[in-house]
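Chain letters run A, B, ... following the sequence lines, proteins first, then strands; residues in each count from 1.
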Amino acid sequence: MHNPSPRATGPTPGTSQPVDDRGYVALVRAQASVLHLDLDAFFAAVEQRDKPSLRGKPVVVGGVGGRGVVATASYEARQYGVRSAMSTREARSRCPHAAFLGGRFPAYREASAAVMGLLRSVSPLVEPLSLDEAFVDLARADLPDLELTTVTAFAEELRQRVHEVTHGLTASVGLGTSKFIAKVASELDKPDGLTVVPPGTERDLLRPMAVSVIPGVGPATDERLRRAGLRTVADLEAVDLDELVRLVGKAHGSGLWHLARALDDRPVVSEREAKSVSVEGTYETDLTDRRLMEGLLTRQAGEVAARLRKHGLSGRTISIKVRLHDFTTLSRSSTLSSPTDATATIARLARALLADLDTSGGVRLLGVGVSGLADWIQDDLFGESDPGAPADDDLPMIEAPTSRRTTWAPGMDVVHAAMGRGWVWGSGRGVVTVRFETAQTPPGPVRSYPIDDPDLAPWRLPLPEHDA
DNA sequence: TCTGGGGTCCTAGGACCC
DNA sequence: TCTGGGGTCCTAGGACCC
């Protein structure tokens with residue numbers, strides 16, 4: 001849990017603030033200035049909005065194939081027990097007369113963008129959690145104050161404006177002193193409702209609730225806690241930190257300890273950098289043909305690479321995911337010495353990783369991912385302390401770069417600089433990865449630079465196209 | 001023919017380095 | 001007779017979220 005509070009050496013005697021065993025005191029806002037907004041039955045609602053004949057009827061959006069699952073069920077379908085993540089097969093048996101739709105993501109993205117745009121017009125601090133959910137920090141909104149009456153009226157108006165900009169979708173909203181409380185609150189009056197949790201009432205609200213209201217408590221943790229006799233948040237509150245850590249691990253235990261006391265100082269964060277990009281697919285029938293699997297991995301590698309390039313990213317770790325016929329899920333990964341966004345590199349590695357796996361029983365899912373994405377501002381990957389490295393001032397000037405490119409090793413496509421004095425091997429668009437090696441100097445460290453960094457103007461290298 | 005797809009975060013063990 | 005210890009990186013798997 002994020003916790004900027006000052007550190008003490010041990011529990012602070014005589015304070016009323018709860019303190020964990022390392023002496024951290026968690027702070028909570030004094031006002032209900034965190035807003036959580038959740039669009040109701042989002043995908044299904046968009047379908048009903050766009051197709052009037054579906055209004056008032058059960059609609060199920062999700063995978064329509066033999067191995068599909070439900071993404072969203074309209075409230076009419078929920079009356080028949082259809083739920084998110086249920087197999088479509090089961091949903092069909094529970095509600096055969098529902099409309100089963102595969103989903104129209106461009107339409108969902110458009111509606112989502114309208115809502116997120118509205119939220120951002122209200123506060124610069126908006127944190128989307130998915131297409132249909134976001135936190136908004138009202139402490140950064142243009143409000144006269146953060147009194148309950150003020151934020152309540154504001155939230156009601158916001159819900160009305162969501163209805164307008166989406167041409168008829170409804171949203172449920174929660175307001176509270178933290179992300180956790182706001183999120184719990186938005187669940188309490190669904191659909192099309194607003195719940196405000198007044199500061200100071202959080203713990204009374206939580207105590208009777210099941211432990212599963214706490215984000216991060218899924219089926220596995222729920223079961224562990226249940227076996228320890230912990231069913232409600234009140235039960236959790238009565239257990240000390242050591243015991244929780246013993247039960248569910250360090251990070252999780254500490255999180256539970258704090259959240260059970262409504263201690264949550266996680267900030268609303270508007271810009272989060274992607275950490276990985278992946279593509280996977282489940283096939284209607286299990287795959288047994290290795291050549292076919294290699295072909296599918298190659299195609300997925302191309303999709304991943306295209307998405308990396310589209311966002312100006314590249315990454316060093318290539319992973320594959322393989323789900324066997326019996327649902328056993330395997331992953332294998334390999335890390336390159338420099339980042340790539342090249343289809344050929346990702347595909348080659350993905351196929352090599354598959355080669356080590358026994359897939360003779362059949363494969364239901366294949367996937368390819370890239371992680372370890374380059375963060376070029378902070379990342380000086382290979383440090384300054386490389387002894388054989390030429391000093392920056394000695395680095396050769398490369399001004400009119402790059403003509404020929406040859407594959408040297410996986411992940412390293414060597415580009416011969418036109419000036420001829422150094423090696424440049426590059427991968428990411430918008431980034432150049434350079435290793436300097438001249439007649440006068442031994443191979444230097446690998447360095448990566450953003451192409452647009454003005455301080456590196458001499459290195460402004462138009463990279464060759466990859467995988468044309 | 002039970003069990004999607006795209007993510008995030010955590011844990012644990014081993015390698016490696018100082 | 002005793003064989004450190006901490007930090008970081010990498011890999012594999014698992015839980016969880018929407």
Side-chain angles (χ1 to χ4, degrees), chain A residues 1-2 36-43 60-73 83-94 102-103 105 108 112 127-135 179 183 186-187 212-225 245 248-256 266 269 272-286 300 303-304 307 316-337 353 356-357 362 364-373 379 381-383 385:
Chain A
M1 174 161 311
H2 179 274
H36 179 257
L37 181 141
D38 194 343
L39 294 162
D40 301 312
F42 179 52
F43 297 168
V60 177
V61 179
V64 292
R67 287 174 166 173
V69 299
V70 174
T72 312
R83 295 284 179 273
S84 291
M86 173 182 283
S87 74
T88 299
R89 170 173 309 278
E90 178 164 3
R92 278 189 205 278
S93 87
R94 291 191 186 215
F105 278 84
Y108 308 152
S112 178
E127 180 176 341
L129 298 177
S130 62
L131 285 179
D132 65 340
E133 249 186 74
F135 288 111
K179 283 181 160 184
K183 171 123 176 139
S186 72
E187 294 287 324
S212 54
V213 294
I214 297 178
V217 178
T221 306
D222 197 40
E223 175 61 18
R224 266 199 228 183
L225 295 175
V245 168
V248 301
K250 200 166 148 196
H252 212 163
S254 165
L256 245 41
R266 293 170 300 167
V269 176
R272 295 169 74 189
E273 306 259 319
K275 303 233 159 105
S276 66
V277 172
S278 65
V279 169
E280 66 185 51
T282 294
Y283 303 97
E284 288 289 312
T285 55
D286 290 349
Q300 291 174 330
E303 292 169 33
V304 168
R307 275 168 47 196
R316 292 177 57 225
T317 302
I318 314 306
S319 312
I320 65 166
K321 178 169 161 183
V322 176
R323 181 118 74 204
L324 304 178
H325 64 292
D326 65 352
F327 223 73
T328 315
T329 305
L330 307 173
S331 63
R332 291 293 182 273
S333 65
S334 174
T335 298
L336 303 167
S337 59
L353 291 167
D356 290 339
L357 263 29
R364 60 179 289 139
L365 171 147
L366 281 178
V368 175
V370 173
S371 58
L373 301 186
D379 226 13
L381 287 178
F382 293 77
S385 58

Please state how far atom CG in L365(A) lies from atom C1' in dC2(B), giving the value in whole angstrom units.
-> 15 Å
Please give, in whole Å, the distance from dC2(B) C1' to E284(A) CD?
-> 14 Å
If you measure from the Lys or Arg side-chain nitrogens to the Asp or Glu carboxylate oxygens, is any gap between K179(A) and E127(A) under 4.0 Å?
-> yes
Value in whole Å for how far the C1' atom of dT3(B) lies from OH of Y283(A) | 17 Å
What string of B, S and - do you get for nucleotides 9-18 of chain C 5' to 3' if you count protein non-hydrogen atoms under 4.0 Å?
-> -SSSS-SSSS
Could you tell me the separation between the NZ atom of K321(A) and the C1' atom of dT8(B), rounded to a whole number of Å?
-> 12 Å
Which stems does DNA chain C form, counting runs of 3 or more consecutive Watson-Crick or G-U wobble pairs with both distances under 3.5 Å?
-> B:5-18 with C:5-18
Donor-acceptor contact below 3.5 Å, side chain R364(A) vs main chain F327(A) = no
Hey, which sits more toward the 5' end of DNA chain B by its nearest nucleotide, S84(A) or K275(A)?
-> S84(A)
Would you please confirm or rule out a distance under 4.0 Å between OP1 or OP2 of dC2(B) and any side-chain N or O of R92(A)?
-> no
In terms of side-chain heavy atoms of S278(A), which of dG6(B), dT3(B), dT8(B) is nearest?
-> dG6(B)
Side-chain contact, heavy-atom cut-off 4.5 Å: V213(A) with K183(A)?
-> no
Whether E133(A) side chain and H36(A) backbone form a donor-acceptor pair below 3.5 Å = no
Donor/acceptor link under 3.5 angstrom from R89(A) side chain onto base of dT1(B) | yes
Does a side-chain heavy-atom distance below 4.5 Å link L256(A) with I214(A)?
-> yes
The residue, A274(A) or A85(A), whose nearest nucleotide of DNA chain B is more 5′ is A85(A)
Check the distance between dG4(B)'s P and L366(A)'s CG and give it to me in whole angstrom.
-> 14 Å
Between E90(A) (CD) and dT3(B) (P), how many Å, whole number?
-> 11 Å
Looking only at atom types and distance, does a side-chain atom of S112(A) sit under 3.5 Å from a main-chain N or O of L131(A), one as donor and one as acceptor?
-> yes
Whole-Å P distance, dG4(C) and dA15(B) = 16 Å
Say whether, by atom type as modelled, one donor and one acceptor occur between the side chain of T317(A) and the main chain of V370(A) under 3.5 angstrom.
-> no
Close side-chain approach of E273(A) and L373(A), heavy atoms under 4.5 Å = no
Taking the C1' atom of each, how far is dC16(C) from dT3(B), in whole Å?
-> 16 Å
R272(A) side chain N/O closer than 4.0 Å to the phosphate oxygens (OP1, OP2) of dG7(B)?
-> no
Can you tell which of dG5(B), dT8(B), dG4(B) lies closest to the side chain of S276(A)?
-> dT8(B)
Once you round it to whole Å, what is the distance between P of dG4(B) and CD of Q300(A)?
-> 15 Å
When we call it a touch if two heavy atoms are under 4.0 Å apart, what does G281(A) touch: a base, just sugar-phosphate, or nothing?
-> sugar-phosphate
Short side-chain to backbone donor-acceptor contact, T72(A) and F42(A), under 3.5 Å | no
Just by distance, do the side chain of E303(A) and the backbone of V279(A) share a donor-acceptor pair under 3.5 Å?
-> no
Let me know the distance between NE2 of H325(A) and P of dT1(B), rounded to the nearest Å.
-> 14 Å
